[in-house]
Every structure is written in C-alpha cells, then in structure tokens.
Student: 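Could you have a look at this structure, given as structure tokens, before my questions?
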Amino acid sequence: MEKIAKPRGTMDVMAPEIFAWNYIERVVRGAAERCGFTEIRTPTFEEIGLFKRGVGETTDVVQKEMYTFTDKDGTVYALRPEGTASVVRAIIENGKAADTLPLKYFYLINCFRYEKPEAGRSREFVQFGCEMFGAPGAGADYTVISLADSVIRELGLKNVRLHINSIGCPKCRPKYREALVSYLRAHRDELCDTCLDRMETNPLRVLDCKNDSCKKVAQGAPRTIDHLCPECEEHFAELKSYLDACGIEYVIDPHIVRGLDYYTRTVFEFIAEGIGSQSTVCGGGRYDGLMEELGGPKMAGIGFGMGITRLILAMKQNGVEVPALAVPELYIAAMGKEAAVRGTKIVSELRRAGINADCDIMGRSLKAQMKYADKIAARYVLILGDSEIESGRAVIKEMATSEQTEVSLDGIADFLTGKRG
Ligand code: ATP
Ligand code: MG
C-alpha cells in the first residue's frame, strides 16, 4: 500500500523530543500563573475578517501566509496565524472588558502560516503567548517582558538578549511616515514588488520585509525613536527605568518594527545569538488601538508570542539538558502465569499509591525482562516467582548500586516511598 506522509512543514513529536515539549509547557504555565495570567482557549479557526482587521491587510501574515477555507455555508475561515486577535474577540464577545482591570490571559496554541519550512520555521507551530489589557502604563510593558524573561532564564538560555524599540503612536506616526516614505521613494529601485505596492499604503511593513535587498534599504531608513512625541518618549523612558531597576538587560534596537500592523509604542524581541535566521524566540509589543479596531472599547493592550520550537533550538545550542522525566521506580519481572497476575496486582496497587511501576505483560523470558527493565531505566527490579508468592517475601534490587533488600510483598510501597526520602 502507498504510504501517506504528513503535510509539509508540520511535525510529529514523540519521545524523546516530547519530553522537552512537556518540560517547556510546564515552565511557561508555571511562570505565567506566578505573574497572575490565567489560561484562555479560543477556536483554532476564525472568520477571516478577524485577522484581516486584527493583524492588518498589508502584512505578510495576511497577504501571503494564511490558511483559509470556505465552509459548507459559504463562510470564509482562516486557521489562526497568531493568538492576539482571537483573544481580543473573546474578551469583547464574552463581556470581559467590563471585568476588573488589567485583564491578563496566556495561551499555548498551535498556529498556522504558509511559510517556507526550515529549522525553527514550520507551517504549524506552537506558540506560548500572553496578553494584558487595560493597563496603559510602562509597568504593564515591564510585567509582560519580565514574564518572557523569566521563562528564558528558567530554561537556561544564556545567549538570548532582549531588544526593545518604540514605534510611536497615531500622534507621532504621521510625521515619521512622511520621512520614511520619502526615503523609500528614493530607494524604490531596490525594493521587492510587494514592498513597492505597500510602501505608500503601509510603509512600516517594508522595514520588516525578509527580502535581502529590502533589508539593506531598511538598515538606512529613518528611525522611529527619532520621531517620537513627548508622551511616547516618556513611556519609553519609563520602561527603560523599570528594566534598569529590576535588572533586566536590554539593547535598544531601532530596526525592530514587528510584522503585524497593530503595534504602537513599545515593541520587543528576545533574540538568540547564533541560531541562524530563525533567531527570534519571542516577539511582542503594545497595541493600544486593537481592542477598538475589533469593535470593543478603547483599551490599552500589550503581549508577546514565543515559539516553542525556537526555544528548543536555543536550548540545544546552550547545551541545556531537559531534566529527567519520571522513570519507573519498580519493574516486576514475573516468572510464570500466576506470578504475572500477582505482579500485575501489586503494580496496580503501587500505581494507586502514586508510584510509577511496571510488570511484564509480554510473557518474555526472565533474561528478556531484565533487558527490558534496563531499557526503561527502572530504578528497582523485583523478581517474582512461585517461591516468592509462597513465602510472601521477595528481593528488591537497586539497579544502579546492585544493593539487594528483602521485603514483604505487602510492604513494597512503604519501602519505595521510604527510599524517596
Ligand atoms: P519571524 O520574523 O521569525 O517570521 P514573526 O514576526 O512572524 O517572526 P510573530 O508573529 O511575532 O513572528 O510570532 C511570535 C513568535 O512565534 C516568533 O518570535 C517565533 O518564535 C514564533 N514563530 C512565528 N512564526 C513561526 C513559524 N512559522 N514557525 C515556528 N515559530 C514561529
Ligand atoms: Mg513571520
């Protein structure tokens, strides 16, 4: 029969890689909950208009990367390319905007973008993200950045640096835009076709283009931080004072503009030095106009998205080993059918008592069972045969030390919990 392969740019994750995924998921959930964020789960697909309006018609994500389909009733949906627009929609739709502020949500979701797959870039990827709404001050920017920072620290990523920038607000943007458009017009010969199209409608997007020639143009472009209004200047200064006071190092990086339209003021990325082109492990910023743009009340917002596969790449590069996962504490090697049943009973009782234990269910020879115990890295092994069942006592062997202890078959749980210390 002909085999069917997974779709291009998707992944099958299983042991041992899944241990790293599980570990990271535990770390991010713990960190988010310690900062007072609660989880939010939204649909995997939404009406396409949500992303067109929320992410922006002229962004790469909407113009080139969305997976869309028409439902049987004619509605056009898109698989979510990111998490923020859905969170905002959910807040509005569920009346959460009237809750005590700030609203703080986090999510661990799969996102879909039609991109050229490479290391750290896939068509379905998992993002850890957080959103805070209703807090316009720089303390909110700091809180969100510090959450990302604490995850990065806890994962042991030493080569990751925080880059920050401010891209201004609707008040200071027009002046900047003028300066940028006239610069881009002077460099129109060096721009790709997409950028030629969008330089008049949305010139900021040109600065985020992945095309090499456009990137060079972007390097020499006027900088948003040189065009900020006094309020945006003050906000940016305040954020820096929070970061300085709390000991989070950063570099000011005027080239960060972020790929989505909704950003205002603070934008930031955590960039791993030396993992190639997919080095941005986390990207985020402020979006004070987004809630209103999607039909909600005027409410400041800030958040980030962090790609799990990029965290894994960075962990590998930093030589971070995933802490050992639960291994079986006890493996019972059973000799004969009666012993297999008794062994299974003991294992069931141990599992009920919260102990990870296993017993042969394959009818293997004793030698093969010992080999299996070794493969699953069981900490203790107990051989159960007719004489052990008769006497009610058996020998438990600690595999690492070969130390042997005789125990009562009723006292195995006590022995193992005693050894846990
Ligand atoms: P990039 O510039 O690398 O394309 P982006 O600006 O499109 O990133 P965001 O929309 O800000 O990315 O998404 C936040 C994070 O999600 C990124 O920093 C990255 O870690 C992760 N991410 C984005 N796209 C992908 C992808 N196709 N595959 C894996 N991870 C991704
Ligand atoms: Mg992208």
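What's counted below: heavy atoms across the whole structure, side chains too, no hydrogens, waters or symmetry copies. In each ligand, atom 1 is the first atom listed, and ligand 1 is the first ligand listed.
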Student: Show me, pair by pair, the donor-acceptor contacts under 3.5 angstrom made by side chains of residues 92-106, not counting sequence neighbours?
Tutor:
| residue | atom | partner | partner atom | Å |
| --- | --- | --- | --- | --- |
| E93 | OE1 | R89 | NH1 | 2.8 |
| N94 | ND2 | A90 | O | 2.7 |
| K104 | NZ | C35 | O | 2.7 |

Student: With a 4.0 Å cut-off on N to O distance, would you call E349 and R351 a salt bridge?
Tutor: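 No, E349 and R351 are not salt-bridged.
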Student: Applying a heavy-atom cut-off of 4.0 Å, say which part of R123 lies close to ligand 1: side chain, backbone, both or neither.
Tutor: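 Neither part.
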Student: For ligand 1, which atoms, with element, lie under 4.0 Å from some heavy atom of S122?
Tutor: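 In order of number, 26 (C), 27 (N), 28 (N), 29 (C).
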Student: Quick check, are the ring centers of F125 and F112 under 6.0 angstrom apart?
Tutor: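 No.
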Student: Just go through G120, P117, G307, P81 and tell me whose heavy atom is the nearest to atom 21 (C) of ligand 1.
Tutor: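 Result: the heavy atom closest to atom 21 (C) of ligand 1 is in G307.
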Student: Any idea which atoms of ligand 1 are less than 4.0 Å away from a heavy-atom of R113?
Tutor: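 Matching atoms, with element in brackets: 5 (P), 7 (O), 9 (P), 10 (O), 12 (O), 13 (O), 23 (C), 24 (N).
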Student: Does the pair E25/R29 count as a salt bridge with the N-to-O cut at 4.0 Å?
Tutor: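 Looking at E25 and R29, the cut-off is not met.
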Student: Under a heavy-atom criterion of less than 4.0 Å, does Q278 contact ligand 1?
Tutor: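 Flag not set, Q278 not near ligand 1.
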Student: Answer yes or no: is there an ion pair linking R198 with D60, defined by an N-O contact shorter than 4.0 Å?
Tutor: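 Yes, R198 and D60 are salt-bridged.
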Student: Below 3.5 angstrom, do we get any N/O pair linking F125 and ligand 1?
Tutor: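 No, since none of the N or O atoms of F125 sits under 3.5 Å from an N or O of ligand 1.
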Student: Which value, rounded to the nearest 0.5 Å, describes the distance between K298 atom NZ and E292 atom CD?
Tutor: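 Output value for this atom pair is 5.0 Å.
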Student: Is it true that Y331 and Y372 have ring centroids separated by less than 6.0 Å?
Tutor: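 Yes, the ring of Y331 comes within the 6.0 Å limit of the ring of Y372, centre to centre.
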Student: At a 4.0 Å threshold, what atoms of ligand 1 neighbour a non-hydrogen atom of G283?
Tutor: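 Taking each heavy atom of G283 in turn, ligand 1 has 18 (O) under 4.0 Å.
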Student: Would you compute the distance between atom CD of E234 and atom OG of S241 and round it to the nearest 0.5 angstrom?
Tutor: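 If I round to the nearest 0.5 Å, the distance is 10.0 Å.
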Student: Does R310 reach ligand 1 with a nitrogen or oxygen that is under 3.5 Å from one of the ligand's nitrogen or oxygen atoms?
Tutor: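 Yes, there is a polar N/O contact under 3.5 Å.
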Student: Should you measure from each heavy atom of K210, which atoms of ligand 1 turn up under 4.0 Å away?
Tutor: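 Within the 4.0 Å cut-off of K210, ligand 1 contributes 1 (P), 2 (O), 4 (O).
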Student: Just jot down the ligand 1 atoms closer than 4.0 angstrom to any heavy atom of G305, in number order.
Tutor: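 Counting from 1, the qualifying ligand atoms are 14 (C), 15 (C).
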Student: Got a sec, which residues hit ring-ring contact (aromatic ring centres under 6.0 Å, His included) with F51, two or more places apart in sequence or on another chain?
Tutor: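 With sequence neighbours excluded, F51 shows a ring-ring contact (aromatic ring centres under 6.0 Å, His included) to no residue whatsoever.
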Student: Does ligand 1 have a heavy atom under 4.0 Å from the side chain of V61, from its backbone, from both, or from neither?
Tutor: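 It is neither part, as no heavy atom is under 4.0 Å.
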Student: Does ligand 1 have a heavy atom under 4.0 Å from the side chain of Q127, from its backbone, from both, or from neither?
Tutor: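 Under 4.0 Å from ligand 1, Q127 contributes side-chain atoms alone.
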Student: Looking at C282, which atoms of ligand 1 are within less than 4.0 Å of one of its heavy atoms?
Tutor: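 Going through ligand 1 atom by atom, the ones under 4.0 Å from C282 are 18 (O).
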Student: Would you mind finding which of T280, I256, L311 brings a heavy atom closest to atom 18 (O) of ligand 1?
Tutor: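 Nearest option to atom 18 (O) of ligand 1, by heavy atoms: T280.
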Student: Touching ligand 1 at all, E115? Heavy atoms, strictly under 4.0 Å?
Tutor: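 Yes.
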Student: If you draw the axis of the six-membered ring of Y114, does the NZ or CZ of R123 fall within 45° of it and under 6.0 Å from the ring centre?
Tutor: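 So R123 does make the cation-pi contact.
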